[in-house]
4 protein chains.
Amino acid sequence: MIIVLKPTPNKEEMERLITWLESQGVLVHASMDLSQINLEVVGDTSRLDKQFIEALDVVDHVQPIRRFERCTDRKFHPEDTVIQVGNTQIGGGSLTLMAGPCSVESEAQVVAIARAVKASGATMLRGGAFKPRTSPYAFQGLGEKGLDLLRVARQETGLPLVSEIMDVSQLDLFKDIDVIQVGARNMQNYELLKALGRQDKPVMIKRGMSATYEEWLMSAEYVMAGGNNQVILCERGIRTFETYTRNTLDITSIPFMRRLTHLPIIADPSHATGKAWLVGPLSQGIVATGADGILIEVHNDPEHALCDGEQSITPEEFDSLAGKLTRLHGFMKEL
Amino acid sequence: MIIVLKPTPNKEEMERLITWLESQGVLVHASMDLSQINLEVVGDTSRLDKQFIEALDVVDHVQPIRRFERCTDRKFHPEDTVIQVGNTQIGGGSLTLMAGPCSVESEAQVVAIARAVKASGATMLRGGAFKPRTSPYAFQGLGEKGLDLLRVARQETGLPLVSEIMDVSQLDLFKDIDVIQVGARNMQNYELLKALGRQDKPVMIKRGMSATYEEWLMSAEYVMAGGNNQVILCERGIRTFETYTRNTLDITSIPFMRRLTHLPIIADPSHATGKAWLVGPLSQGIVATGADGILIEVHNDPEHALCDGEQSITPEEFDSLAGKLTRLHGFMKEL
Amino acid sequence: MIIVLKPTPNKEEMERLITWLESQGVLVHASMDLSQINLEVVGDTSRLDKQFIEALDVVDHVQPIRRFERCTDRKFHPEDTVIQVGNTQIGGGSLTLMAGPCSVESEAQVVAIARAVKASGATMLRGGAFKPRTSPYAFQGLGEKGLDLLRVARQETGLPLVSEIMDVSQLDLFKDIDVIQVGARNMQNYELLKALGRQDKPVMIKRGMSATYEEWLMSAEYVMAGGNNQVILCERGIRTFETYTRNTLDITSIPFMRRLTHLPIIADPSHATGKAWLVGPLSQGIVATGADGILIEVHNDPEHALCDGEQSITPEEFDSLAGKLTRLHGFMKEL
Amino acid sequence: MIIVLKPTPNKEEMERLITWLESQGVLVHASMDLSQINLEVVGDTSRLDKQFIEALDVVDHVQPIRRFERCTDRKFHPEDTVIQVGNTQIGGGSLTLMAGPCSVESEAQVVAIARAVKASGATMLRGGAFKPRTSPYAFQGLGEKGLDLLRVARQETGLPLVSEIMDVSQLDLFKDIDVIQVGARNMQNYELLKALGRQDKPVMIKRGMSATYEEWLMSAEYVMAGGNNQVILCERGIRTFETYTRNTLDITSIPFMRRLTHLPIIADPSHATGKAWLVGPLSQGIVATGADGILIEVHNDPEHALCDGEQSITPEEFDSLAGKLTRLHGFMKEL
């Protein structure tokens with residue numbers, strides 16, 4: 001719903017209206033269009049009495065919007081959201097290259113990989129400290145210690161960090177992590193999403209294994225409804241009946257999300273396929289389809305990785321691939 | 001891995017062995033078979049040096065078990081697990097009927113429904129206080145207040161309660177809830193599962209929307225690995241391409257889980273179909289296939305329910321259905 | 001669309017109307033309700049000019065029906081369709097037990113199995129002569145010779161036959177086969193469906209591996225649109241991401257099809273699971289959910305079967321199961 | 001199985017061996033490697049007695065190959081298969097652009113579209129004469145007449161034709177159609193595949209709605225086992241739970257098929273998405289991932305198309321897209 005105010009409205013009355021609207025459980029954004037002030041009302045607007053609102057002195061008229069009363073909707077926010085992280089940005093025409101190990105194993109490992117991928121053109125370092133594993137007996141990550149090692153790698157290279165949070169209780173530990181990742185299994189962990197909406201670090205939401213576009217967007221909406229507008233979407237493959245690959249990359253989600261929402265959309269070919277030899281060709285497809293970035297697992301010793309070695313490429317392979325992707329991204333802009 | 005001890009082993013040495021094993025990150029169960037003591041070792045046994053263990057004085061020999069070194073495995077625990085809840089029990093040949101509203105709305109509502117379903121033969125009251133909703137703008141449940149109303153209904157009827165927890169931080173609120181439910185969206189919220197493994201209330205784990213049997217069992221394993229053996233599995237339908245129903249009930253999971261594990265298995269035809277008129281025939285199928293119980297949404301005013309009215313049956317319909325299911329369950333025992 | 005005629009309409013004019021309607025590519029059924037004659041028009045009625053029809057002398061008025069202008073629709077044919085096959089019938093409250101080998105291998109084999117299942121209560125013999133196999137190098141069935149052996153078994157036992165056709169060109173060979181089966185892979189082989197609509201043997205359509213309820217019904221509609229009203233639906237499991245079972249039985253299809261259509265609905269737990277030990281419990285669930293029958297693979301030597309041995313039960317197991325299912329079916333009628 | 005012959009084997013004995021092998025139901029390809037003759041034996045080799053074969057005078061030894069005794073396997077045929085069609089070729093580094101209407105509607109329509117897409121760079125004309133429609137009441141295509149109109153368009157433009165066959169009985173009608181398409185619904189219509197294996201026109205097999213990579217390849221194997229080596233694979237999207245798109249393009253199949261088989265692989269973004277506005281970005285992704293070609297629906301009046309208008313792009317849009325794809329394909333070769 002958009003409430004179009006009369007020209008030069010009385011400020012006090014306008015603020016009273018906003019306060020009242022918020023007490024009805026909706027979100028209000030005031031936007032100025034030329035000399036015109038509009039109040040964009042997001043959320044469950046079905047309980048609001050439109051006639052009552054239109055009868056107020058400050059209100060010119062009310063414009064209902066049928067389906068899309070949402071923060072994530074491109075209709076409310078036609079320009080691309082661009083997220084500044086350290087000295088790099090996500091969205092807005094740039095190509096973000098997030099690279100690093102599935103799991104942080106040691107200082108030597110993570111620093112070596114960070115240096116290598118930085119040299120090859122990576123713009124962010126990804127690394128898991130807390131690992132969601134199907135089995136309780138599998139390696140669960142280094143935890144807090146792993147985050148510390150990531151900080152060392154950031155210090156050494158200047159690369160901003162992206163790492164996965166698994167529970168609300170870990171929020172304090174992530175205070176200085178540049179982008180907080182929500183994993184596929186937690187895409188509908190609503191308490192976690194709400195908590196992330198109340199803090200100010202950018203949040204990257206991986207698509208759930210069988211989530212629809214609608215559900216995925218609604219998870220972003222949970223974060224944005226809390227006041228945090230810095231959300232990144234990450235396609236990481238959906239579950240299908242195919243067993244030769246770990247998941248099935250749904251590349252259509254890239255142009256589809258581009259149309260539905262203003263949020264940046266990136267893709268993760270490593271998890272989507274589970275096979276290192278597929279990362280190259282799929283990364284090319286992802287860039288040519290128009291993604292804002294790629295998340296790639298890079299390990300200096302894939303055969304002995306504690307987690308997901310089969311899908312990690314080596315720093316040498318990343319070096320070659322990053323160059324290709326950068327050139328391809330440049331070419332696509334001119335196409 | 002099973003460590004077969006020598007006859008009449010030295011107690012101190014045995015305890016030293018157990019302490020050492022636990023320090024290696026595995027679980028140890030001592031079982032007595034005739035005069036023979038076996039130590040069942042569960043978890044990641046791959047790091048244990050079998051030759052080292054066999055060289056100990058108290059040890060006769062070590063028997064590796066290939067695939068199933070798990071608490072949930074029927075091989076380790078051939079008898080059905082039976083869970084005592086208030087004056088009723090789940091598993092062991094009984095038919096558990098959990099009934100109640102999707103969402104607790106008011107004292108009048110939940111008490112009226114509780115009385116009605118109790119009179120019809122329900123053995124437990126289900127009711128949602130915290131509701132995981134796809135949209136942040138949908139009704140999110142009464143929260144803490146909802147749990148209080150459930151307690152009132154328990155007081156009035158004596159029915160034990162089952163209600164859904166959504167986050168580790170809510171654990172204190174659920175201290176006296178008889179069975180704590182983990183919803184489908186949280187099936188792989190591992191921090192929550194670990195926390196539930198460290199407390200002593202029974203836990204009911206709903207199958208994730210696209211979870212395999214293996215993953216579902218592993219979520220139960222997370223709880224059991226923490227020391228809590230009281231786990232119930234609940235089939236609630238999986239996501240398929242069919243759009244006429246909300247989900248697709250995978251009835252095969254009932255006999256399959258019966259074979260793989262000793263844990264009780266129940267089914268929820270309300271969420272599995274999303275349509276009240278399907279609850280009756282599917283409940284009959286579920287009982288005839290051998291489930292330990294059924295979870296059914298019952299609402300005294302489905303058309304005005306704040307949540308999932310379309311799939312709720314009325315107390316009158318439940319009365320008729322509960323009678324049928326009880327008679328069918330009796331008949332199946334004789335068949 | 002229903003064309004309600006005026007009382008005692010002129011016969012010639014009525015026939016002219018029917019002829020004209022059929023020339024427009026739709027099907028017309030005349031039904032008499034008290035002294036009232038209605039013309040039920042099925043198919044693409046969107047091209048018919050309702051005002052033109054209503055202006056005719058014999059027509060009282062035209063009643064459009066929005067979504068369901070279909071032969072398969074229960075709205076047009078509220079009573080259950082009952083199909084007479086030999087001295088048995090399918091639908092109408094009876095329980096059809098189709099049993100036999102996946103693939104006919106020899107006279108000795110098929111006759112022995114036929115005798116055994118007949119003695120145990122089977123009402124029809126199933127057996128494959130033409131086998132659709134994923135690999136061109138797998139055993140493709142005995143073909144015409146296999147049909148001959150089935151005829152011998154029918155002669156010996158009196159059991160009517162059901163066998164799968166794979167192509168229009170085989171139609172002549174199936175002239176005296178009592179029920180012609182269309183396999184899951186051919187569910188949308190429209191030329192085959194059309195040809196089966198032009199002959200008069202009953203047709204059993206297995207649900208495609210990823211077919212929706214709607215598509216499955218439309219395949220039945222293809223047969224019925226050709227004039228053959230004797231169609232049976234057979235649920236045989238859909239493809240999901242679960243790998244422990246061959247397919248996933250969608251038991252909900254039984255009550256759902258019961259509501260949407262008047263055609264008999266049976267289920268095949270052998271193909272749905274791919275495991276002999278699951279056939280028993282699922283058959284019980286299928287009967288209790290209200291199916292008109294069950295299709296079960298029975299083999300006298302499952303370990304050496306040329307096809308699908310893993311999912312075949314033995315004649316002894318069938319004997320025990322058939323007794324249980326018959327008693328359960330009787331019990332459900334009284335419930 | 002590879003039978004390695006002795007140097008300079010006796011020709012008569014070799015031919016006797018080949019004749020005998022073929023009588024055992026397997027396929028034999030003789031290949032010359034330097035002065036060495038190998039017999040590659042494809043099909044069910046499990047029944048062949050290896051010791052018996054090795055005892056023959058002409059045989060040096062027998063080399064069993066574990067999983068892949070198949071014509072489609074890249075192991076047997078390491079070079080890419082290149083298919084010559086008219087004056088164009090499919091595979092071998094070229095980019096095939098198949099474009100045209102979903103359904104042939106009239107001479108004016110198909111000739112106009114053919115001229116337009118030819119001018120824009122299309123290398124083949126696609127057009128449906130026989131249309132597989134879910135509903136028997138939907139437009140079923142112009143049939144034989146439609147093929148005639150396609151021939152006119154070929155005459156006018158020189159573009160080779162690709163059109164879908166629906167049944168063995170139509171084979172004569174397709175004698176001069178340059179590439180015969182097998183639709184997704186017929187991917188496992190084995191009688192049709194066998195018949196296509198016995199004729200000599202190239203065959204394009206669309207992937208079934210829920211077919212695995214393995215099943216899809218096996219359908220190609222059915223054609224090749226009959227002696228026709230000219231097979232093209234076409235990815236057209238799989239069925240998932242997403243409802244915003246018609247299907248889900250599985251772009252991973254492109255590099256995966258490239259590795260498993262030597263056959264050309266192309267993709268159809270029109271059917272994969274069902275939405276015209278997605279065809280552009282996905283086509284870019286398809287080309288960048290390494291496909292041999294693209295199949296695109298082009299209609300001069302999408303809003304009034306008799307079939308699939310929503311997913312057809314206009315000749316103007318195709319003109320712009322074809323230029324981009326050609327430049328992108330050239331760029332990828334240099335990358």
Side-chain angles (χ1 to χ4, degrees), chain B residues 207-217 237-260 267 269 272-275 277-291 320-321 323-332 334-335, chain C residues 207-217 237-260 267 269 272-275 277-291 320-321 323-332 334-335:
Chain B
R207 183 179 179 186
M209 260 173 244
S210 66
T212 60
Y213 295 161
E214 179 71 11
E215 291 166 341
W216 190 14
L217 269 182
I238 52 172
R239 177 159 282 180
T240 67
F241 36 74
E242 182 57 65
T243 54
Y244 280 7
T245 51
R246 185 170 178 180
N247 294 290
T248 295
L249 179 75
D250 177 10
I251 203 167
T252 310
S253 66
I254 297 168
F256 219 106
M257 285 295 149
R258 178 78 69 229
R259 171 170 280 213
L260 291 183
T273 63
K275 296 196 186 303
W277 63 270
L278 283 167
V279 169
L282 288 187
S283 295
Q284 294 171 9
I286 288 164
V287 169
T289 306
S320 160
L321 181 59
K324 284 186 186 179
L325 297 182
T326 305
R327 290 197 297 280
L328 177 57
H329 182 248
F331 177 82
M332 294 310 293
E334 306 299 317
L335 193 63
Chain C
R207 183 179 180 186
M209 260 174 244
S210 65
T212 60
Y213 295 161
E214 179 70 12
E215 290 167 341
W216 190 14
L217 269 182
I238 52 172
R239 178 159 280 182
T240 68
F241 36 74
E242 181 58 63
T243 55
Y244 279 6
T245 51
R246 185 170 178 180
N247 293 290
T248 295
L249 179 75
D250 177 11
I251 204 168
T252 309
S253 66
I254 297 168
F256 220 107
M257 284 296 148
R258 178 78 71 229
R259 172 171 279 213
L260 291 184
T273 63
K275 295 194 187 304
W277 64 269
L278 283 167
V279 168
L282 288 186
S283 295
Q284 295 171 10
I286 289 164
V287 169
T289 306
S320 159
L321 181 59
K324 284 186 185 178
L325 298 182
T326 305
R327 292 197 296 282
L328 176 57
H329 182 248
F331 177 82
M332 296 309 294
E334 306 300 317
L335 193 63

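All figures in this text were calculated on a predicted structure; none of them were measured in a lab. Side chains included, hydrogens not; waters and symmetry mates left out as well; all remaining heavy atoms used. In what follows, chains carry the letters A, B, and so on, assigned in the order in which the sequence lines appear, proteins first and then strands, with residues in each chain numbered from 1.
Per-residue counts of heavy-atom pairs under 4.5 Å with chain C were compared for B/Ser283, B/Gly280, B/Ala211, B/Ala288; the largest is that of B/Ala288. In terms of heavy-atom pairs under 4.5 angstrom with chain B, the leader among C/Gln284, C/Glu242, C/Lys324, C/Arg258 is C/Glu242. If you tally non-hydrogen atom pairs under 4.5 Å between each of C/Leu328, C/Thr245, C/Asp250 and chain B, the highest count goes to C/Leu328. When each of C/Ala272, C/Gly285, C/Gly237, C/Ser253 is scored by its heavy-atom pairs under 4.5 Å with chain B, the top score falls to C/Gly285.
Taken from CZ in C/Phe241 to OG1 in C/Thr248, the straight-line distance is 7.5 Å, to the nearest 0.5 Å. From C/Asn247, atom CG reaches atom CZ of C/Arg207 across 10.5 Å, with rounding to the nearest 0.5 Å. Between the OH atom of B/Tyr244 and the OH atom of C/Tyr213 there is a distance of 10.5 Å, given to the nearest 0.5 Å.
Contact check for B/Met257 versus B/Leu217: side-chain heavy atoms found under the 4.5 Å cut-off.
Only the side chain of B/Thr273 comes within contact range of chain C, judged by heavy atoms closer than 4.5 Å. When heavy atoms are compared at a cutoff of 4.5 Å, B/Arg259 approaches chain C solely by way of its side chain, counted from C-beta outward. Only the side chain of B/Ile238 comes within less than 4.5 Å of a heavy atom in chain C; its backbone stays farther off. Heavy-atom distances place both the backbone and the side chain of C/Ser210 under 4.5 Å from chain B. Contact of C/Thr240 with chain B is made through the side chain alone, with heavy-atom distances under 4.5 Å. Only the side chain of B/Leu278 comes within less than 4.5 Å of a heavy atom in chain C; its backbone stays farther off.
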Would C/Met332 and C/His329 count as a side-chain contact (heavy atoms from CB on, under 4.5 Å) here? Give the steps. CA-CA 5 Å; C/Met332 296 309 294; C/His329 182 248; 5.7 Å; no
side-chain contact (heavy atoms from CB on, under 4.5 Å) between C/Ile254 and C/Ile251, worked out: CA-CA 6 Å; C/Ile254 297 168; C/Ile251 204 168; 3.9 Å; yes
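The two atoms that bring C/Phe331 and B/Arg327 nearest to each other are CZ-O, 3.6 Å, heavy atoms only.
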